[in-house]
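Please read the structure below before turning to the comments.
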Amino acid sequence: MEKSGPGFNPLEATCGLMVVCTDLEGRYTYANQAYLAHTGLKAPPIGALVLEHVAAEDLPRVMDTVRRALEHPGQAFWVEFGRPLRRAWNRSRWELVAVCDGSGNPVGLQWMGYDISDVYRRERFQEASLGLLSAGLRESLCAKEVLRRALDAALEVVPVAQAGSATLLYPDGQFHFVAARGYDLAALERVHLHPGEPLSLSRHIQARVFTQADIAAFNARLDPERRALLEGPGRSREIQAMLATPVVVGGQPRAYLYLDHFQRPDAFDELDLRHLEGLAYHVAWLLYGEELRFGHYHHPETGLANLRSLREWLLRLPPAHRALVALRCRSLERLRRLEGERAHLAALQEVARTIQANLRSSDRLAWEEGTFWLLLEGVTGAGEVYAVLGRLRTEVEAALAKRWPQLDFNTRAGAALAGPGVLPLELLCAAELALEQNPRPGRVYFFDPDLARQTRETDALRGALVRSLRHLPDPPEGFTLHYQPVFHLVERRLRHLEALLRWNHPGLGQVSPGRFLPLVEEEGWMSELGDWVLGVAVEQAARWGVAVAVNLAGGQLEPGFPDRVAGHLARHQLPPGRLIFEVTEGVALEEMGLEVLRTLAERGHPLHLDDFGSGLSSLERIVRLPFAAIKLGQGFMASLGSLPEPHSPQARLLHALRGLAEGLGLEIIVEGIETQGQLEFLLAEGFVLGQGYLLGRPRAHYAEAELRWLCRGSP
Ligand code: C2E
Ligand code: MG
Ligand code: MG
């Protein structure tokens with residue numbers, strides 16, 4: 001080919017270098033092929049104004065460069081500009097040199113330039129990425145906000161995109177729309193996409209472009225409701241090209257970014273794809289950080305704020321009057337043991353939701369290792385704490401009633417009140433200590449300095465207790481059973497013996513069951529220790545030929561309990577009627593133990609309701625259990641005094657109770673008879689069964705002859 005022959009224009013063979021000439025008025029006099037390709041013009045625009053092809057925002061700079069080039073012939077001046085296209089980048093960089101006539105006067109300009117669109121897009125991508133990353137890290141954005149900003153950045157770096165949206169994987173396992181530009185987000189929020197749906201737009205794990213055909217195929221398989229939403233507010237029928245990329249965190253898509261174009265199926269090019277993917281990496285990084293942060297401050301399975309959050313609140317919130325309450329709910333703990341983690345988790349979430357819904361917006365809830373923490377703002381006294389807890393109990397129990405009728409929200413609570421001068425984190429220790437010291441469900445213990453002393457003592461006791469119990473089922477060190485007689489008062493004859501646990505520790509001396517039993521329960525030894533008591537009591541009952549009553553704690557009423565009892569009876573050949581069980585109202589009212597108690601009664605064990613009158617006696621619920629007798633708590637005798645007055649209100653109450661028990665077909669055993677006066681009063685009132693120091697103190701041993709004599713009675 002005659003490359004240098006006539007007709008060959010070297011300006012055309014520039015390998016993509018653009019060449020343009022203009023006259024002094026800025027009109028084209030020449031434009032080469034490369035320029036035509038860059039601008040998309042069919043023919044050189046001879047005579048047209050070059051500035052018409054410059055984006056408005058670049059005009060001042062270009063005009064200034066033109067002026068300088070004309071003023072300094074022979075010198076080259078550089079300028080960069082874009083073309084006046086809406087929402088697309090087409091950018092070039094030019095060298096301007098004045099063209100002069102024979103006498104050195106400028107007659108026009110020669111422009112030599114090259115396309116820098118891709119470089120420019122890369123720079124914009126870098127800027128947008130940096131902006132997104134730095135905002136995400138600086139402002140600790142939540143996942144939703146990260147995606148909102150990422151969508152804006154994506155629309156910046158992919159300017160042919162005309163609309164866009166983003167979805168995020170929610171705990172329900174579905175992708176929810178969390179950001180939209182050009183669409184009605186409120187409408188899209190109602191569309192949840194399942195990752196497993198066939199042909200789902202949320203199944204690919206790499207950026208790719210979908211066409212209208214792909215979208216139509218996806219929509220065709222959707223249910224009418226979601227389809228209507230996507231086709232209406234989501235304009236999915238109009239989309240010609242959709243650029244989509246997953247945000248992959250830990251190997252799993254956590255979110256998707258979608259960019260849409262409504263005119264051409266080939267609107268997106270390779271660089272758009274790569275840039276969107278690049279943004280998705282940054283989003284992944286931010287979401288990963290957010291997950292780490294969330295995990296740091298929240299319990300992983302429930303999503304509830306943890307103790308770390310609570311500490312932050314305490315430190316961050318201005319010092320104020322507030323109460324911190326720690327709550328433990330035994331029936332939730334039992335649910336975990338009896339029905340497993342899943343059931344426990346579901347119930348726990350229901351409880352937390354209800355608590356949250358019933359707290360004021362300034363109050364906060366945290367949860368960790370079985371303890372709920374309530375931070376109540378603006379609280380100055382115990383009365384307010386009682387009011388909140390009372391309300392929560394009612395609401396939570398109502399919320400649980402449908403799915404978990406066996407659960408109650410009768411919590412053990414420890415509370416600490418903060419005023420000026422109390423260090424924020426002291427509140428935490430104080431509430432924790434108060435909770436630790438509180439043995440009883442339904443009670444609130446408030447911290448006071450005495451508690452710290454008591455706690456040290458309790459700790460010593462707990463340590464000694466655990467050392468004594470750790471070899472169970474071997475006999476626990478220092479533990480014995482004492483037996484206290486229950487008498488037929490009229491016939492003056494032994495009815496049965498109540499087995500009472502005693503603990504004698506070499507260092508601590510005699511420790512009362514009221515003190516050590518709650519610790520046994522807390523340490524989780526109740527079931528094993530109870531079994532040991534049962535074994536010893538059954539053996540003794542068989543040997544003595546006398547019925548024995550054993551006290552039961554709530555922690556023992558597990559489904560396997562009746563069979564373990566049967567095992568003991570079989571070993572010592574004791575008929576079930578000879579083994580009585582005493583349960584307090586608190587234990588009897590726990591829904592979880594009801595079935596076990598009913599089974600015991602069905603198998604022939606007399607059930608005695610212990611310490612009646614010491615709690616919130618709920619007759620309505622008590623009659624649901626087949627009790628054989630109720631034992632009137634010692635409070636009745638104590639309030640009567642040593643020489644009871646027959647017409648006192650207390651005496652009338654006892655009288656009424658006897659009538660009530662008779663009506664229900666229950667025997668009454670009066671506890672705590674200490675004086676002759678009390679005994680005579682009871683006999684006169686027609687009470688026939690009783691127990692107390694007057695009649696016999698608890699003792700470890702009875703001679704067989706003595707027992708025979710006691711059983712025979714003396715008229
Ligand atoms: P409880 O079942 O109501 O037992 C009666 C308590 O009253 C016993 O106290 C007994 O010693 C005491 N008592 C009896 N007569 C009189 C009296 O006339 N005056 C006075 N002031 N007290 C009298 P103890 O042995 O300290 O037991 C306290 C509680 O500990 C028992 O109350 C029972 O609920 C629980 N308990 C004792 N042994 C066991 C056990 O083996 N298992 C379980 N789960 N609880 C037990
Ligand atoms: Mg008892
Ligand atoms: Mg009692």
Check the surroundings of atom CH2 in W313: do more than 12 heavy atoms from other residues, nucleotides or ligands lie under 6.0 Å from it?
yes

Cut-off 3.5 Å, side chains only: do W94 and S92 have a donor facing an acceptor?
yes

Between R235 and E238, is there a salt bridge with N-O shorter than 4.0 Å?
yes

If we count only N and O atoms by modelled type, under 3.5 Å, do the side chains of H298 and N306 hold a donor and an acceptor together?
no

Is R121 salt-bridged to D272, going by a charged N under 4.0 Å from an acidic O?
yes

Compute whether any side-chain donor of one residue and acceptor of the other, for Q110 and E95, lie under 3.5 angstrom apart.
no

Salt-bridge test for E341 and R336: reply yes if a basic N is under 4.0 Å from a carboxylate O, no otherwise.
yes

Any idea which heavy atoms bring A323 and V379 closest together, and the distance?
CB-CG1, 3.7 Å

Does the ring of F77 carry R68 above it, NZ/CZ under 6.0 angstrom from centre and within 45° of its axis?
no

Which label fits H192 and H176: parallel for a plane angle under 30°, tilted from 30 to 60°, or perpendicular past 60°?
parallel

Which atom names give the shortest non-hydrogen contact between L310 and A366, and what distance separates them?
CB-CB, 4.3 Å

Aromatic rings Y258 and Y256: how do their planes relate, parallel, tilted or perpendicular, breaks at 30° and 60°?
parallel

Salt bridge flag under 4.0 Å for residues R91 and D58
yes

Steps toward salt bridge (charged side-chain N to carboxylate O under 4.0 Å, His left out) verdict (R274, E277):
CA-CA 5 Å; R274 285 219 307 278; E277 214 163 30; over 6 Å; no

Judged by atom type as modelled, is there a donor-acceptor pair below 3.5 Å linking the side chain of Q240 to the main-chain atoms of Q263?
no

Indicate yes or no: does R208 engage D214 in a salt bridge with an N to O separation below 4.0 Å.
yes

Spatial distance of atom OG (S236) from atom CG (L230) [nearest 0.5 Å]
5.5 Å

Presence of salt bridge, D64 and R61, under 4.0 angstrom:
no

Donor + acceptor pair across side chains of T302, W367 (<3.5 Å)
no

Do R293 and E290 sit within salt-bridge range, that is, some charged N less than 4.0 Å from a carboxylate O?
no

Give the minimum heavy-atom separation between V247 and A280, together with the two atoms involved.
CG1-O, 3.8 Å

Is the closest basic N to carboxylate O distance between E145 and R148 below 4.0 Å?
yes

Ionic contact status for R308 with E312, cut-off 4.0 Å
no

When you measure from the side chain of N32 to the backbone of L17, do you find a donor-acceptor pair of N or O atoms at a distance under 3.5 Å?
yes

Start with the C-alpha gap between D152 and R149, add the side-chain angles, then the distance that decides, and say whether salt bridge (charged side-chain N to carboxylate O under 4.0 Å, His left out) holds.
CA-CA 5 Å; D152 286 341; R149 302 230 188 156; over 6 Å; no

Between F175 and Y170, is the ring centroid distance below 6.0 Å?
no

R364 side, atom CZ; L314 side, atom CG - distance, nearest 0.5 Å:
9.5 Å

Reported CG-to-OG1 distance for the pair L392 and T354, which is rounded to 0.5 angstrom:
9.5 Å

For a quick check under 3.5 Å, do Y28 and D23 share a side-chain donor-acceptor pair by atom type?
no

